[in-house]
2 protein chains.
Amino acid sequence: MKSYSVKELLSENFLLQEVTVNGWVKTFRSNRFIALNDGSTINNIQCVVDFESFDESLLKQINTGAALKISGTLVESQGRGQSVEIQVKDLKVHGGADPETYPIQPKKHSLEFLREKAHLRIRTNTFAAVMRVRSALSFAIHQYFQQNGFYYFHAPIITGSDAEGAGEMFKVSTLDDKNPPLDEDGNVNYKEDFFGKETNLTVSGQLEAETYAMALGKVYTFGPTFRAENSNTSRHLAEFWMIEPEMAFFDLDANMDLAEDFIKSVIKYVLDNCQDDLQFLEKRLLDEEKTKPQAERSEMALIEKLKFVAENNFMRVSYTEAIDILRNSKPNKKKKFQYPINEWGADLQSEHERFLVEKHFKCPVILFDYPAKIKAFYMRLNEDGKTVRAMDILFPGIGEIVGGSQREERLDVLKEKMAALGIDEEELWWYLDLRKFGSAVHSGFGLGFERLVLFATGMGNIRDVIPFPRTPQNAEF
Amino acid sequence: MKSYSVKELLSENFLLQEVTVNGWVKTFRSNRFIALNDGSTINNIQCVVDFESFDESLLKQINTGAALKISGTLVESQGRGQSVEIQVKDLKVHGGADPETYPIQPKKHSLEFLREKAHLRIRTNTFAAVMRVRSALSFAIHQYFQQNGFYYFHAPIITGSDAEGAGEMFKVSTLDDKNPPLDEDGNVNYKEDFFGKETNLTVSGQLEAETYAMALGKVYTFGPTFRAENSNTSRHLAEFWMIEPEMAFFDLDANMDLAEDFIKSVIKYVLDNCQDDLQFLEKRLLDEEKTKPQAERSEMALIEKLKFVAENNFMRVSYTEAIDILRNSKPNKKKKFQYPINEWGADLQSEHERFLVEKHFKCPVILFDYPAKIKAFYMRLNEDGKTVRAMDILFPGIGEIVGGSQREERLDVLKEKMAALGIDEEELWWYLDLRKFGSAVHSGFGLGFERLVLFATGMGNIRDVIPFPRTPQNAEF
């Protein structure tokens, strides 16, 4: 007899047929009603056991978490809460789950407790829903780019280039770390290391992606990136996944158009494909927020918020305009900002971004044309000589979700900026080559994948939207 | 005026329209015919310049590699070799490419030469075709799994677990490598390291994927994995991408069925979606093989070979049968094998795998039920007590492309095997938990992505199918 998934059975296409299903027990009520789940959907299938037909010793093994194989007839359900159920004819226990020791019991567990059990937390409804949405978002991202003429580019993870300066790096080595070989000057001799040089984990695939964009036209990365920063916040991970599209012949306007269309498209995909999980996560968030003071609760429920983002234009505001708004804002005048905004050139802090997005515009905001001094060396200098063609997309509750720019395509200007910042030309000889041979206007951006998952699922801590989070002092599993 | 890609223009939907296109010069003949390419396809668009209407100084900048913006009328081509061409009305040089210094000239470059220029080799037809096929294969993989009820699982890259033993590992650290902190015993004190413990780059996401399969049912990874092995061969990389599906309630037969269907499906996808690139790569391979003795040439051309794999059943052969075939084979009897096959239990070498696949069966082969002694601890022991439910898929010209198994789901058997191999239970407490709570039959496999790309593109060296290869002594870019 063919096995079906719970999702297939709930579709009602198999009514009155003899079916087999495998899954795990969520609950077992009245020695009669098994709620069985196999991960294919958040919904369980009810399996009705006539307890007089089965051994008591077998029934005793039907505890929360036990793995079962069940065969029987799929019929319309007599009870409420489900349309179909299985009248169980045959039941086999693959493996039990002792209620005395199994940690995932049918009661509320705190997210903190579950983080310690990252190998089992996926068995809860919340984490299964989050990770199904995460998977759907991943696919939506690939589909969007592939349908729009982009090629997937695998940026190197181990990098011999450390010039991007996006953050602190992890060293990668096979040297004996207790007694590393030293050179004549007494420094570690990386010539004897695996790659014959010092190597690190990548902080961004952008510079390498540019080499491919300047031949294939439109490319994107989707891979892990790393920051060795001691940030123990709910928005930072040491290992996270990033999407970095890079497009030849795109200026900053085209870049902003793409980023906005891209984000809306992938949000629409989960709205269309993850209804059940989103409804569960919406309810979870409402329950969680009930414990908070009114002022801290979301103005919109989860699905409403996702629809709002998918259907409304992002607000585009230049840095200069944003500074004017902030300077004249109530919190600035009342000295409520920790970092008061006094003059043009100030770097925006999280509190300023949140004010703009959550209080002033009440929608996603794209800030552009930032002061050159607070942005990276590769961003294209404007004609004013003091701003660069950078853009950040800010999201309510999340902050910066995208950072991007038009890239400096002029060899002389790029060299000047590198010299001013003390970046060695020899270190980036290949990056400069792109400006020597067939250079052209080009642009790109980076999107932190986990921040998108946070937004789409309404979860509050980035540790809860990646299977095995890596943070300072934590690399379990 | 809207810009179009070369691929769009060649579709002939814009005939007699005024169009704009950006791209790079492949060749410029007779001061009149520009072959322009933008990476969207391997085909160029011919742009016809009336040289009397343009400045000589402008025309002089039209060299191979220069980036141009061209506007004009799309007309039916008068010449041979293309259906449409652009009558150029306006031409702008984004960036030139000095023929004296630009390395990618329109002549044959060796693959070895191009490896040194990995940032520019993507501008050649060969590498652009390979990387477009690589991108298509990546998408086909995601699409296959998503359409078949799998969830994408992001395995951790930095791992605190080193028990899998699939190979040598790279250390990841932020400690001062010249003067690392030492503990009381004079060993490096990893408690002071970023994660508070010793960490490495993952060699496989399988063990973690099992934790998710035992809740979501069917999951797959697609991420980078690492081996710090000093293998300078045409089939090994220190950093490569791997796909690892893991399925609850799948036995080894179901696992083999899935692997075969999966590989055929993604090969069909590139046959359906990469015709132009495959034709180019087929011709490249034929040209390359002309320089080889007849006996070393492929029996089938590239596309024929891909169709053969997509349309024919893989041969399933037990290890025991394979040993019989090998023992009685001509090369074994004539002592042509470097490692003669004398008895059951021998580990198969590349020469044996090649004999089975290329000489004996002449098709992909799935070997299964290997001796327990030569396989990993987590593979399910058969009732015979000496073989395990392992399987390898062997491909012509590539060797092992897939390795998989049914996993040992019995706690007591797994513990015994770990003890026999000296694997610490405390190290893998979370992996054992999967057998304590809701254990069930489950299976999975790993596919080395670059080996699949090698097969699909007919390239001969794995360094040429990943953008920036990492091998011993090499981590440039």
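Side chains included, hydrogens not; waters and symmetry mates left out as well; all remaining heavy atoms used. Residue numbers start from 1 in every chain, and the chains themselves are labelled A, B, ... in the order their sequence lines are given, proteins ahead of strands.
- Note: B/Phe153 leads B/Tyr431, B/Phe153, B/Phe127 in heavy-atom pairs under 4.5 Å with chain A.
- B/Trp429 approaches A/Glu476 most closely through the heavy-atom pair NE1-OE1, 3.9 Å.
- Once rounded to the nearest 0.5 Å, the distance linking CD1 of A/Ile122 with OH of B/Tyr151 reads 10.0 Å.
- Using cut-offs of 30° and 60° for the angle between ring planes, the A/Trp241 and B/Tyr152 rings count as perpendicular.
- For A/Glu208, the parts sitting under 4.5 Å from any heavy atom of chain B are the backbone and the side chain alike.
- Heavy-atom pairs under 4.5 Å with chain A were tallied for B/Gly217, B/Ala228, B/Pro180; the largest tally goes to B/Ala228.
- Between A/Thr159 and B/Arg470, the shortest heavy-atom contact is CA-NH2, 3.8 Å.
- Closest non-hydrogen pair, B/Ile158 versus A/Phe226, comes out as CD1-CD2, 3.7 Å.
- When B/Lys117, B/Gln143, B/Lys69 are compared by the number of non-hydrogen pairs under 4.5 Å with chain A, B/Gln143 comes out ahead.
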Would you sort out whether A/Ser135 and B/Gln146 count as a side-chain hydrogen bond (donor to acceptor under 3.5 Å, both in side chains), showing the intermediate values?
-> CA-CA 9 Å; A/Ser135 171; B/Gln146 298 269 342; 3.2 Å; yes
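- Below 30°, between 30° and 60°, or above 60°: for B/Trp430 and A/Phe468 the angle between ring planes is between 30° and 60°, a tilted geometry.
- Checked by atom type and distance alone, the side chain of A/Trp24 pairs as donor or acceptor with a backbone atom of B/Gly438 at under 3.5 Å.
- Using a 4.5 Å cut-off between heavy atoms, A/Asn187 touches chain B through backbone and side chain atoms alike.
- For A/Thr199, the part lying near chain B is the side chain, with the backbone staying farther off; criterion is any non-hydrogen pair under 4.5 Å.
- Within the 4.5 angstrom heavy-atom criterion, only side-chain atoms of B/Pro103, from C-beta onward, approach chain A.
- A/Ala66 touches chain B through its backbone: at least one of N, CA, C or O sits under 4.5 Å from a heavy atom, while the side chain does not.
- Within the 6.0 Å centre-distance limit, the rings of A/Phe170 and B/Phe194 are counted as a close aromatic pair.
- If you measure heavy-atom distances from A/Arg435 to chain B, you find no contacts under 4.5 Å at all.
- Considering all non-hydrogen atoms of both residues, A/Pro224 and B/Pro224 come closest at CG-CG, 3.8 Å.
- Proximity to chain B (any heavy atom under 4.5 Å) is restricted, for A/Lys191, to the backbone atoms N, CA, C and O.
- The shortest side-chain heavy-atom distance between B/His94 and A/Glu409 does not fall under the 4.5 Å cut-off.
- If you measure heavy-atom distances from A/Asn474 to chain B, the contacts under 4.5 Å come from the backbone alone.
- Looking only at side-chain heavy atoms (C-beta outward), A/Arg132 and B/Leu216 come within less than 4.5 Å of each other.
- Among the candidates B/Gly196, B/Pro156, B/Ala440, the residue making the largest number of heavy-atom pairs closer than 4.5 Å to chain A is B/Pro156.
- Centroid-to-centroid, the aromatic rings of B/Tyr212 and A/His119 stay 6.0 Å apart or farther.
- For A/Thr471, the part lying under 4.5 angstrom from a heavy atom of chain B is the backbone only.
- Atom NZ of A/Lys7 has 12 or fewer neighbouring heavy atoms from other residues, nucleotides or ligands inside a 6.0 Å radius.
- For chain A, the nearby part of B/Lys436 is the backbone; its heavy atoms alone come within less than 4.5 Å.
- When heavy atoms are compared at a cutoff of 4.5 Å, A/Tyr190 approaches chain B solely by way of its side chain, counted from C-beta outward.
- With a 4.5 Å cut-off on non-hydrogen atoms, A/Tyr102 touches chain B through its backbone and its side chain both.
- Contacts between A/Tyr220 and chain B at a heavy-atom distance below 4.5 Å are absent for every atom of the residue.
- Closest of all the heavy-atom pairs between B/Pro467 and A/His154 is CG-O, 3.6 Å.
- Listed options B/Val219, B/Val172, B/Ile157 were ranked by heavy-atom pairs under 4.5 angstrom with chain A; first place goes to B/Ile157.
- In terms of non-hydrogen atom pairs under 4.5 Å with chain A, the most contact-rich of B/Gly223, B/Gly186, B/Ala155, B/Ala248 is B/Gly186.
- Contacts of B/Phe449 with chain A are made by side-chain atoms alone, with heavy-atom separations under 4.5 Å and no backbone atom involved.
- Proximity to chain B (any heavy atom under 4.5 Å) is restricted, for A/Leu201, to the side chain, taken from C-beta onward.
- Of the inter-residue distances, the one linking B/Arg123 atom CZ with A/Leu434 atom CG reads 6.0 Å to the nearest 0.5 angstrom.
- Taking both residues in full, the closest heavy atoms of B/Phe437 and A/Leu120 are given as CD1-CD1, 4.4 Å, listed atom of the first, atom of the second, then distance.
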